[in-house]
Amino acid sequence: PVEQSINRKYIEEAKDIIAGMPHLRVVGVTGSYGKTSVKFYLGKILSARYNVLVTPESYNTTLGVVRTIRESMRATHDIFVCEMGARNVGDIREICEIVRPQYGIITSIGPQHLESFKTIENIVATKFELADSLPNDGTVFLNMSNKYIADRKVSCRVVGYGSEKSEWFAEDISVSAQGSRFTIRDPDGKKWAFRTKLIGEHNVQNITGAIAAAYELGVPMRDIVIQVWRLESVPHRLNLVRGAGKTFIDDAYNSNPAGAKAALDTLC
């Protein structure tokens with residue numbers, strides 16, 4: 001009971017900090033996998049124009065988010081990119097009640113944490129707590145290449161990425177030990193060529209989601225192209241490590257069937 005009382009005090013302090021910054025735009029990022037990568041990519045791209053606070057490392061629990069707000073949030077921040085993790089139904093809704101996002105990104109849905117969720121339906125419902133928490137004039141960015149995401153209906157505005165029928169889709173993808181190249185068509189129909197030091201089509205898909213959100217938030221496409229080239233690998237997530245006569249693909253942080261397949265495809 002004492003610990004719960006202390007936690008509640010910290011949560012209320014975080015709520016007050018957010019409420020005291022009416023100009024702040026909050027982007028929630030969730031998914032079974034890919035959310036940490038998208039969070040960091042988006043933060044880097046947005047930094048071309050804005051003062052951005054990003055939840056560090058894998059701070060994606062309620063108290064991790066609260067700690068980030070209490071220790072790092074400043075009045076000068078324009079945008080808060082908040083990773084939202086979950087192991088139980090209601091976890092993401094709880095974070096949304098604190099940070100009150102106007103934008104959301106759902107990167108993927110898969111059979112993660114079934115030991116606590118029990119069913120894939122519970123996982124889908126929990127990830128979409130982010131979309132359900134957005135205001136009516138909010139925007140959610142959905143990875144339409146994921147079957148659990150593409151079939152779900154939401155009440156707020158949707159911007160799709162990841163599939164050929166989406167507003168944002170990467171094509172002409174080539175991957176080598178030097179990185180990846182791809183092309184994206186913007187909403188005005190103009191094609192833009194991108195280069196990144198990151199490898200793997202899965203990373204390209206995550207970058208596409210970050211590009212869509214950054215463009216929506218007002219970063220010019222020319223600046224986005226430069227920032228994508230400057231992106232660094234998220235540690236232990238498909239990043240290249242060069243040794244004496246050997247090159248490793250370090251994907252050791254975490255995995256799932258889709259992620260393991262993506263890593264093997266990249267190795268090929």
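Residue indices begin at 1 and follow the sequence shown.
- Using a 4.0 Å cut-off between charged side-chain N and carboxylate O, Asp265 and Lys261 make a salt bridge.
- Heavy-atom contacts from other residues, nucleotides or ligands closer than 6.0 Å to CD of Gln4 number 12 or fewer.
- Scanning all heavy atoms of the two residues, the minimum distance from Val54 to Gly43 falls at CG2-CA, 3.8 Å.
- Between Cys156 and Thr139 there is no side-chain heavy-atom pair separated by less than 4.5 Å.
- The cationic group of Arg67 does not satisfy the cation-pi geometry with Tyr59, failing either the under 6.0 Å distance to the six-membered ring centre or the 45° limit from the ring axis.
- The OG atom of Ser108 lies 13.5 Å from the NZ atom of Lys147; values are rounded to the nearest 0.5 Å.
- Asp78 contributes a side-chain N or O that, together with a main-chain N or O of Asn51, makes up a donor-acceptor pair within less than 3.5 Å.
- Two residues are said to be in side-chain contact when any heavy atoms from C-beta on lie closer than 4.5 Å; Lys127 and Ile92 meet this criterion.
- Taking the centre and axis of the six-membered ring of Tyr103, the NZ or CZ atom of Arg157 falls outside the cone set by 45° and 6.0 Å.
- Within the 3.5 Å criterion, the main-chain N or O of Gly31 finds a donor-acceptor partner in the side chain of Lys35.
- The shortest heavy-atom contact between Ile123 and Ser32 is CG2-OG, 4.0 Å.
- Remark: side-chain polar atoms of Glu171 are not paired, donor with acceptor, to backbone N or O of Thr183 under 3.5 angstrom.
- In this structure, Asp188 contributes its side chain and Lys190 its backbone to no donor-acceptor pair below 3.5 Å.
- For Lys44 and Glu232, the salt-bridge test fails: no basic side-chain N is under 4.0 Å from an acidic carboxylate O.
- Between Leu24 and Met73 the shortest side-chain heavy-atom distance falls below 4.5 Å.
- Smallest separation of non-hydrogen atoms from Gly85 and Ile95: O-CD1, 4.1 Å.
- Within the 3.5 Å criterion, the main-chain N or O of His236 finds a donor-acceptor partner in the side chain of Asn239.
- Side-chain contact check for Met84 versus Leu130: some heavy-atom pair is nearer than 4.5 Å.
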(message) Under the criterion side-chain contact (heavy atoms from CB on, under 4.5 Å), I'd like the reasoning laid out for Val228 against Ile207: C-alpha separation, chi angles, the key distance, then a yes or no.
(response) CA-CA 8 Å; Val228 167; Ile207 292 170; 4.0 Å; yes
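- Listed for the Asp223 side chain is no donor-acceptor partner under 3.5 Å among the backbone atoms of Ala48.
- For the atom pair NZ of Lys165 and OG of Ser145, the computed distance is 13.5 Å after rounding to the nearest 0.5 Å.
- Enclosure of atom CZ in Arg87 is not indicated, since only 12 or fewer non-hydrogen atoms of other residues, nucleotides or ligands lie within 6.0 angstrom.
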(message) Could you go through Tyr215 and Met221, starting from their C-alpha distance and side-chain angles, then the distance that decides it, and tell me whether this counts as side-chain contact (heavy atoms from CB on, under 4.5 Å)?
(response) CA-CA 7 Å; Tyr215 186 84; Met221 189 61 77; 3.7 Å; yes
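- Within a 6.0 Å radius of CD in Gln102, more than 12 heavy atoms belonging to other residues, nucleotides or ligands are found.
- A salt bridge links Glu13 with Lys9: the distance from a Lys NZ or Arg NE/NH1/NH2 to an Asp or Glu carboxylate oxygen falls below 4.0 Å.
- Among the candidates Leu267, Ile249, Leu198, Asn206, the single residue satisfying the side chain to side chain contact (heavy atoms under 4.5 Å, CB included) test with Leu238 is Ile249.
- Side-chain contact, Arg181 with Ser174: no donor N or O sits under 3.5 Å from an acceptor N or O.
- Residue Arg152 places its CZ atom among more than 12 non-hydrogen atoms of other residues, nucleotides or ligands, all under 6.0 Å distant.
- In this structure the side chain of Val99 reaches within 4.5 angstrom of the side chain of Ile69, judged on heavy atoms.
- The shortest distance between side-chain heavy atoms of Val52 and Val81 falls below 4.5 Å.
- Of the inter-residue distances, the one linking Gln227 atom CD with Arg49 atom CZ reads 11.5 Å to the nearest 0.5 angstrom.
- Scanning both residues, Ala177 and Leu240, for their nearest heavy atoms gives O-CD1, 3.2 Å.
- From Asn203, atom CG reaches atom OG of Ser233 across 7.0 Å, with rounding to the nearest 0.5 Å.
- Classified by interplanar angle (parallel below 30°, tilted 30° to 60°, perpendicular above 60°), the ring pair Tyr33/His202 is tilted.
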(request) Run the numbers on Leu231 and Lys197 for side-chain contact (heavy atoms from CB on, under 4.5 Å), then give the verdict. (result) CA-CA 7 Å; Leu231 290 177; Lys197 295 184 283 290; over 6 Å; no
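- Remark: the backbone N or O of Arg93 is not paired with any side-chain donor or acceptor of Ser133 at under 3.5 angstrom.
- Across Phe40 and Pro56, no two heavy atoms sit closer than the pair CZ-C, 4.5 Å.
- The one candidate from Ile98, Val65, Ile6 that meets the side chain to side chain contact (heavy atoms under 4.5 Å, CB included) condition with Ile11 is Ile98.
- Residues Val158 and Phe141 form no side-chain contact, since every pair of their non-hydrogen atoms from C-beta on lies 4.5 Å or further apart.
- A donor-acceptor contact closer than 3.5 angstrom is absent between the side chains of Thr55 and Glu83.
- In this structure, CG in Leu63 is found 10.0 Å from CZ in Arg70, a value given to the nearest 0.5 Å.
- Applying the 6.0 Å contact sphere to OH of Tyr50 captures more than 12 heavy atoms from other residues, nucleotides or ligands.
- When all heavy atoms are compared, the tightest approach of Ile106 to Ala131 is CD1-CB, 4.5 Å.
- The same ILVMFWY cluster, assembled from side-chain heavy atoms under 4.5 Å apart, contains both Ile173 and Ile211.
- Side-chain atoms of Tyr148 and Ile120, non-hydrogen and from C-beta on, do get closer than 4.5 Å to each other.
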(message) Evaluate Leu42 against Val27 for side-chain contact (heavy atoms from CB on, under 4.5 Å), listing each step before the verdict.
(response) CA-CA 10 Å; Leu42 178 58; Val27 184; 3.9 Å; yes
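- At distances below 3.5 Å, not a single donor-acceptor pair connects side-chain atoms of Ser166 with backbone N or O atoms of Phe169.
- Side-chain atoms of Ser5 never come within 3.5 Å of backbone atoms of Pro1 as a donor-acceptor pair (strictly under, hydrogens ignored).
- Judged purely by atom type and a 3.5 angstrom limit, Glu167 has no side-chain atom pairing as donor or acceptor with the backbone of Val159.
- Taking CG of Asp91 as the reference point, atom SG of Cys96 lies at 11.0 Å (rounded to 0.5 Å).
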